[in-house]
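A quick write-up on the structure given underneath.
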Amino acid sequence: MMRKALKISLAAIAVGTLVASCGQSPNARGSDDSSDIQELVFAAVPSEESQELEESFAPVIKALEKETGLPVRFEAVSSNAGVVEAQVAERVDIAVYGAFSYYLASGVANVTPVAVDQRVPGGESGVESYGIVRSDTPAIAGLEDAQGKNVCFTDPASSTGYLSPSAGLIEAGIDVESDVEAIFAGGHDTAVTSLLAGDCDVAFAAATFVDELLPARGALKPEEVNKIWTSPVIPGPPVVVGDWLPEELQTKITTALTKYDAVTAAENGFCEGAETEAPETWGEFAGKPSCVWGGTAAFAFVPTNDEAYEPIREICEVTKAEVCTAEEQ
């Protein structure tokens, strides 16, 4: 894949000291010998409370350790930009972050998307974003009513929590920079809970948090919010692997991610004692013991590639968002 030099506005996306938070890699970089690798570092972005995030990836970590024969250390990095920067520094070998963050990472880090979550067996990979309001605020019926309101987004580098909603607002005639008061809540769950707490009038979050994850946790009752907007399908959050790893090890990582699904992961004991019941939407697998398989509680991970993320480049064309700004060096 041809890579362009991309200058990310670090101030705009608030990197801070996130690179340092990932610590020094113990690995011998640039080696073609897998035996030189002592440990893999796996990072994910806190779209929700970090402890739950780590628990959701614990079965995936076990699958990776089994297939690669290496210990895998989990890092919950505090923003999408933090993971990108950590991969630029080659301190994170495997990462999961939003589709837009991959767009950023593909310009500055030597990484390749290898897998993406599949929510239901045989289903399409991809996510939708919702614009929601509290059900007791009927005066806001569409994005055009967001003029002058407090609007909760998740993270400036989130495709479902900011970029796609920004494109929707622009198409509705709303200038995101001047027509709304933007509030970055940090995560999808916190964007929704901020809305419920009255901190914003409109919130944007990935559909799965509104439809499934938060109701399942008792953090949201469906009747508490109204949906006023649904985005086009956005490519799902990819799992990306550092090209600096030996090719043989990259293949083992991809195999580990795509070999198992939530049900077979449970059968292999990757979530022993923490199994959940597969939902009705999983058809023939409904009711079977399953693992929480990654941050979106997916059924499986399926292969993906760089071309799948072209819609993100198109969103940047629409929004011309500052975080999309690229400069050839």
Item to check | More than 12 heavy atoms of other groups within 6.0 Å of Glu223 CD | outcome: yes
Next on the checklist: Please say yes or no: joined through hydrophobic side-chain contacts below 4.5 Å, possibly via intermediate residues, are Val263 and Val120 part of one cluster?
Outcome noted: yes
Checklist outcome for this item: CG of Leu245 to CG of Asn110, rounded to nearest 0.5 Å, is 11.0 Å
Item to check | Gln250 (side chain) donor-acceptor with Glu248 (main chain) under 3.5 angstrom | outcome: no
Item to check | Backbone N/O of Gly269 and side chain of Glu272: donor-acceptor pair under 3.5 Å | outcome: no
Checklist entry - Mind checking whether Thr304 and Tyr309 have side chains closer than 4.5 Å, heavy atoms only? => result yes
Next on the checklist: Closer than 3.5 angstrom, by distance alone: can the side chain of Asp201 be matched with the main-chain N or O of Asn150 as a donor-acceptor pair?
Outcome noted: yes
Checklist entry - What class does the angle between the rings of Phe42 and Phe57 fall in, given that below 30° is parallel, 30 to 60° is tilted and above 60° is perpendicular? => result tilted
Item to check | Salt bridge flag under 4.0 Å for residues Glu65 and Lys62 | outcome: no
Checklist entry - Considering only heavy atoms from C-beta outward, does the side chain of Val239 approach that of Val60 to under 4.5 Å? => result no
Checklist outcome for this item: For Gln147 and Ile174 the tightest heavy-atom approach is OE1-CD1, 3.5 Å
Item to check | Between CZ on residue Phe74 and CD on residue Glu55, distance to nearest 0.5 Å | outcome: 10.5 Å
Checklist entry - Taking all non-hydrogen atoms of both residues, which atom of Val116 and which atom of Pro303 are closest, and how far apart? => result CG1-O, 4.5 Å
Checklist entry - Which atom pair, heavy atoms only, marks the closest approach of Asp261 to Ala300? => result CB-CB, 3.7 Å
For residues 282-293, which side-chain donor-acceptor pairs fall under 3.5 Å, sequence neighbours excluded?
| from | atom 1 | to | atom 2 | distance (Å) |
| --- | --- | --- | --- | --- |
| Trp282 | NE1 | Arg119 | O | 3.1 |
| Ser290 | OG | Thr276 | O | 3.3 |
| Ser290 | OG | Thr276 | OG1 | 3.3 |

Checklist entry - At what distance, to the nearest 0.5 angstrom, does CG of Leu249 lie from CD of Glu247? => result 11.0 Å
Next on the checklist: Is the shortest side-chain heavy-atom distance between Val180 and Lys149 below 4.5 Å?
Outcome noted: no
Item to check | Distance-minimising heavy-atom pair for Asp117 and Ala298 | outcome: CB-CB, 3.5 Å
Checklist entry - Taking atom OG1 of Thr68 and atom CD of Glu39, what is their separation to the nearest 0.5 Å? => result 11.0 Å
Checklist entry - Which pair of non-hydrogen atoms, one from Val72 and one from Leu64, has the smallest distance, and what is that distance? => result CG2-CB, 4.0 Å
Item to check | Side-chain heavy-atom pair Val151, Cys200 within 4.5 angstrom cut-off | outcome: no
Next on the checklist: Starting from Val240, can I reach Ile37 by hopping between I/L/V/M/F/W/Y residues whose side chains sit under 4.5 Å apart?
Outcome noted: yes
Checklist entry - Quick one: does Ser106's side chain get under 4.5 Å of Arg313's, heavy atoms only? => result yes
Checklist entry - Does the side-chain contact (heavy atoms from CB on, under 4.5 Å) test come out yes or no for Ile315 and Ser159, once each step is laid out? => result CA-CA 9 Å; Ile315 288 174; Ser159 49; 5.8 Å; no
Next on the checklist: If hydrophobic clusters are built by linking Ile, Leu, Val, Met, Phe, Trp and Tyr wherever their side-chain heavy atoms come under 4.5 Å apart, do Ile234 and Phe153 end up in the same one?
Outcome noted: yes
Item to check | Residues Val84, Gln87; criterion side-chain contact (heavy atoms from CB on, under 4.5 Å); working and verdict | outcome: CA-CA 5 Å; Val84 173; Gln87 289 205 301; 5.9 Å; no
Next on the checklist: Here's a test for you: under side chain to side chain contact (heavy atoms under 4.5 Å, CB included), which of Ile140, Leu196, Val192, Ile228 qualifies with Ile132?
Outcome noted: Val192
Checklist entry - In terms of heavy-atom contacts, does CD of Glu124 have more than 12 from other residues, nucleotides or ligands at under 6.0 Å? => result no
Item to check | Flag, side chain of Asn268 to backbone of Phe270, donor-acceptor distance under 3.5 Å | outcome: no
Checklist entry - More than 12 heavy atoms of other residues, nucleotides or ligands under 6.0 Å from CD of Glu144: is that the case? => result yes
Item to check | Cluster check Leu143, Ile183: I/L/V/M/F/W/Y, side chain < 4.5 angstrom | outcome: no
Next on the checklist: Test of understanding: clusters of I, L, V, M, F, W, Y form through side-chain heavy atoms closer than 4.5 Å, transitively. Do Val233 and Tyr162 belong to the same one?
Outcome noted: no
Checklist entry - Does some side-chain heavy atom of Tyr260 sit less than 4.5 Å from a side-chain heavy atom of Lys66? => result yes
Next on the checklist: Using modelled atom types and a 3.5 Å cut-off, is there a donor and acceptor pairing between side-chain atoms of Ser164 and backbone atoms of Thr160?
Outcome noted: no
Item to check | Under 3.5 Å donor-acceptor, Gln118 side chain and Ser125 backbone | outcome: no
Item to check | Worked verdict on Trp244 versus Asp93 for side-chain contact (heavy atoms from CB on, under 4.5 Å) | outcome: CA-CA 8 Å; Trp244 54 85; Asp93 303 300; 3.1 Å; yes
Checklist entry - Under 3.5 Å, is there a donor-acceptor pair between the side chain of Thr190 and the main chain of Ala185? => result yes
Item to check | pair Tyr103-Leu163: side-chain heavy atoms closer than 4.5 Å | outcome: no
Checklist entry - Is there side-chain contact between Asp189 and Leu213, with at least one heavy-atom pair below 4.5 Å? => result no
Checklist outcome for this item: OG1 (Thr193) and NE2 (His188) are apart, to the nearest 0.5 Å, by 12.5 Å
Checklist outcome for this item: Distance col, row Thr258:OG1 vs Glu67:CD, nearest 0.5 angstrom, shows 9.5 Å
Checklist entry - Where is the tightest heavy-atom contact between Leu220 and Val210, given as atom of each residue plus distance? => result CD2-O, 3.7 Å
